[in-house]
Every structure is written in structure tokens, then in C-alpha cells.
Amino acid sequence: MESLKAILYFSIFSYPLKKEEIFTFSKMKKRETLDAELKALESKKAIKNIDGFYIYNDSDTIVKRRQNGNEHAKQVLPQAFKRAKFISKFPYVEGVSLSGGLSKGYYDDDGDFDFFIITKSKRLWIARTFLILYKKVFLLNNKKHFCVNYFITNNHLEIHEKNIFTATELMTLIPVCGKAIFHEFLANNTWAKSYLPNVTLHKPENISEIKKPITTKGIELLFNTKLGDSLETFFRNVTLNKWKNKFTTLSKKELDIAMKSTTDVSKHHPQNFQKKVIQALNKKYLEVQEQHEIILEPEHD
């Protein structure tokens, strides 16, 4: 029941899928199989079809919610692209992509502009600090249109946490700046295709090249020194210590995943959303097993 897995995954976000989207976010090889599964699921009353959207255990109003969110996403996408290109001008930033709900074509009043950022090696924490300072000083710490919560370096492109959540986030990224590095990023993460073989990735050919302004080049020249090496270590240690003291409810394992702070990766996900999503998904798997006698293999985090 690969179709049901896709429906259940997106039901966590109250996001009903159309038939073609169910196929896209499943491991199915034939659309004929999809038709048969959907028919069987409807007959079992495990799902329902509302105006071409397939819903699991939710109100029909989520169809209108999704449609409004899709329209809102179209309206704000140019603004998000503009913000991504602005981020690319910062020191040591080599690639910027949109992630989160907006990368899946959805946005509402509670949403953020989430950015996935690739930086030069050994300068991730300097790049991140410049961006965080800009947010705090010029945006008054408002992350609404400037949520820079995931950084990796250009020599550490493989995502280590491999599961349905990370695969979905990776395969739906909308790359905006940094054509060559995004192409390399995809080459280092072919594992995601095993989770979502039917997803069509955004083509690197459509990505803007990054052109750094003179001021940025000057800053990079200044920090391509031992001073930069020292600041890189200092900024990482300060941030890591701050997070350890602030997020005391997270276990060491949870902290290492949700707030990962290595020389090559920086994540700021204090709610540990990855774990919550997979736990919620496995709970839904158990629900359909108890209510409809459909057995689905649990996901791992």
C-alpha cells in the first residue's frame, strides 16, 4: 500500500494529495497499481476523495486550506527567490535553496521562508554568524522571511540522516543560487531517490550563478587568514555552548540531530521536527492496522 504511505505522510501536515502527487511521492512503478490501491482504500473507508484530493481521517475543509496555501505560495515565491539571492551575496555562501512548506508549493500566515544553505568549507560558522547578525540587527530577529536554519559545507554534501523525512525535504528543495554546487549536492545524495524514485528534481540548469559584490570579496579576503580560522572555531563553540545550555530538555542524541553543530553542519531545529514527524507517521501506520487491517512497515529516524 505505497499510495497510503504517501497520503499518511502528508496528512501529518494536513495536506491532502491529488492522484498524480500520490504517485510522485510513492515507490510505485505503475499508475495502474495506484488506481487499484486507491479504489481498495476507498472501499475500506480508509480514505475519501473530495474533489480529486485524497484525505485520511481529517475534515473536508483541509482541501480549501490547501488550495488557499497553494495560491499564497505562488504570490510569495518571487519574494522568497529575491531573499535567497540576497543571502547568496553574503560571505562564503555558495548555494541557497528554498525548503520547508514553500518548497512544496504551500504557504500560509504561520509559514516561514526556510533556506538550505551551502557554504565554503572551514567558513560555515562565519557565514552563519553574518546571516544571524543581519537577522537580529536589521530584521529585529524576525525569522518570518529569513529562516536560515540549515547549513552544510561544500566538502560535506551528503546528508547523514537518511529517512523518509530527510528524503522528502531533499527531493523537494527549490535551488535558487549556486548551480555547480547544487549539482554536486545531488550527486552526493542519490540515496534519497530510493525513498522517492518518482519525484522529479528541480533542474540545476535553472539556478542563478552567484556573483559576490566587492564588499563581500573584501570581507572574505580579510577572513581567509588565521584570524578567520580562530573566529570560525570561536563562533561554533559559542553557539554550541549556548544551545546546550538553552535546550536542556533534549537528550544528547536529540541535540546531536536537532541542533547538529559540527565543523561541516549547522542545524537549528529545537522542536526536533524530524523525530516528531516520523513518530506521528508510525502512529498513523498503527491506526490503519488497527482500524483497517492494513500493515505498513514502520519508518526509522
Side-chain angles (χ1 to χ4, degrees), residues 82-99 113-143 145-161 173 175-189 204 207-247 255-270:
K82 185 177 180 180
R83 188 54 59 94
K85 291 176 181 178
F86 175 71
I87 290 172
S88 74
K89 307 298 183 185
F90 276 68
Y92 301 116
V93 172
E94 297 195 349
V96 186
S97 300
L98 292 173
S99 61
F113 289 1
D114 294 303
F115 297 100
F116 175 75
I117 299 169
I118 302 175
T119 74
K120 183 178 179 181
S121 64
K122 299 182 180 180
R123 289 297 181 268
L124 180 154
W125 291 95
I126 290 178
R128 183 186 180 280
T129 300
F130 272 113
L131 287 163
I132 295 300
L133 285 174
Y134 173 82
K135 184 185 73 170
K136 289 182 179 295
V137 175
F138 294 98
L139 302 181
L140 303 178
N141 207 31
N142 186 342
K143 70 173 186 176
H145 296 152
F146 205 84
C147 191
V148 287
N149 57 13
Y150 202 149
F151 295 77
I152 63 173
T153 60
N154 60 8
N155 66 338
H156 188 91
L157 295 172
E158 182 182 359
I159 303 300
H160 282 182
E161 296 83 20
L173 284 173
V176 182
C177 306
K179 181 187 298 185
I181 196 64
F182 189 75
H183 185 76
E184 191 176 343
F185 170 75
L186 294 180
N188 278 268
N189 289 282
I207 308 172
S208 300
E209 295 289 2
I210 294 178
K211 296 181 179 179
K212 301 288 188 183
I214 295 296
T215 51
T216 298
K217 292 179 179 179
I219 292 171
E220 290 182 349
L221 187 63
L222 174 64
F223 290 119
N224 287 338
T225 59
K226 290 184 178 180
L227 171 63
D229 294 337
S230 298
L231 285 175
E232 178 74 4
T233 302
F234 174 75
F235 289 146
R236 175 176 175 256
N237 289 339
V238 167
T239 304
L240 183 55
N241 289 332
K242 175 186 175 182
W243 288 348
K244 284 181 177 178
N245 293 328
K246 184 176 181 179
F247 303 110
L255 191 71
D256 288 344
I257 294 175
M259 309 296 292
K260 195 169 186 176
S261 305
T262 69
T263 55
D264 299 300
V265 181
S266 172
K267 292 169 64 177
H268 184 267
H269 300 155

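All values reported here derive from a predicted model rather than from experimental measurement. In what follows, residues are counted from 1 in the order of the sequence shown. Below, all heavy atoms of this structure are taken into account, side chains as well, without hydrogens, waters or symmetry copies.
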Pairwise side-chain contact, W125 with N237, heavy-atom cut-off 4.5 Å (strictly under): no

So which atom in E184 and which in L157 form the shortest heavy-atom distance, rounded to 0.1 Å? CG-CD1, 3.5 Å

Between the main-chain N or O of H145 and the side-chain N or O of R83, is there a donor-acceptor pair closer than 3.5 Å? yes

Does K122 reach the main-chain N or O of D264 with its side chain, forming a donor-acceptor pair under 3.5 Å? no

Is the backbone of K211 close enough, under 3.5 Å, to the side chain of K89 for a donor and an acceptor to pair up by distance? yes

Looking at E232 and I126, would you say the former's side chain and the latter's main chain have a donor-acceptor pair under 3.5 Å? yes

Tell me the closest heavy-atom pair linking L124 and S266, and the distance in Å. CD2-CB, 3.6 Å

Among V148, L98, L173, N149, the one residue meeting side chain to side chain contact (heavy atoms under 4.5 Å, CB included) with F116: L173

Here the pair of heavy atoms bringing G95 nearest to I181 is CA-CG2, 3.9 Å

What is the distance from atom CD1 of I87 to atom NZ of K82, rounded to the nearest 0.5 Å? 13.5 Å

Cationic N near anionic O, under 4.0 Å, K260 to E161: yes

Whether over 12 other heavy atoms sit under 6.0 Å from K85 NZ: no

Does any non-hydrogen side-chain atom of H160 lie less than 4.5 Å from one of V265? no

Measure from the ring center of Y134 to the ring center of F86 and say whether it is less than 6.0 Å. yes

Only one of T119, T216, N224 clears side chain to side chain contact (heavy atoms under 4.5 Å, CB included) with P91; which? T216

Strictly distance-based, threshold 3.5 Å: is any side-chain N or O of N154 a donor or acceptor partner for the main-chain N or O of S121? yes

To the nearest 0.5 Å, what is the distance between CD1 (I117) and SG (C177)? 10.5 Å

Near K143 NZ, under 6.0 Å, is it more than 12 heavy atoms from other residues, nucleotides or ligands? no

Check the pair F182, L186 against side chain to side chain contact (heavy atoms under 4.5 Å, CB included), reporting the backbone distance first and the verdict last. CA-CA 6 Å; F182 189 75; L186 294 180; 3.6 Å; yes

Would you check, one step at a time, whether the test side chain to side chain contact (heavy atoms under 4.5 Å, CB included) holds for K212 with V93? CA-CA 9 Å; K212 301 288 188 183; V93 172; 3.8 Å; yes

So, F130 versus Y92, ring centres under 6.0 angstrom or not? no

One pair to check against side chain to side chain contact (heavy atoms under 4.5 Å, CB included): I152 and F185. What are the steps and the verdict? CA-CA 10 Å; I152 63 173; F185 170 75; 3.8 Å; yes

Rounded at 0.5 Å granularity, tell me how far CG in N142 sits from NZ in K136. 12.0 Å

Donor-acceptor pair, side chain of K179 and main chain of S208, under 3.5 angstrom: no

Working to the nearest 0.5 Å, report the span between CG of N188 and CD of E158. 6.5 Å

In this structure, OG of S99 is separated from CZ of F113 (nearest 0.5 Å) by 12.0 Å

Determine whether F115 and L131 make a side-chain contact, defined as any pair of heavy atoms from C-beta on separated by less than 4.5 Å. no

Could you walk me through whether N155 and T153 pass the side-chain hydrogen bond (donor to acceptor under 3.5 Å, both in side chains) check? CA-CA 5 Å; N155 66 338; T153 60; 2.7 Å; yes

Could you tell me whether K135 atom NZ has more than 12 heavy atoms of other residues or ligands within 6.0 Å of it? yes

Separation between CD of E220 and OG1 of T215, rounded to the nearest 0.5 Å: 10.0 Å

If you look at every heavy atom in S261 and L240, which pair is closest and at what distance? CB-CD1, 3.7 Å

Check for a donor-acceptor pair, side chain of R123 on one end and backbone N or O of F223 on the other, with a separation under 3.5 Å. yes

Using side chain to side chain contact (heavy atoms under 4.5 Å, CB included), reason through K267 and M259 one step at a time and then give a plain yes or no. CA-CA 5 Å; K267 292 169 64 177; M259 309 296 292; over 6 Å; no

Shortest non-hydrogen contact from I210 to S88? CG2-O, 3.5 Å

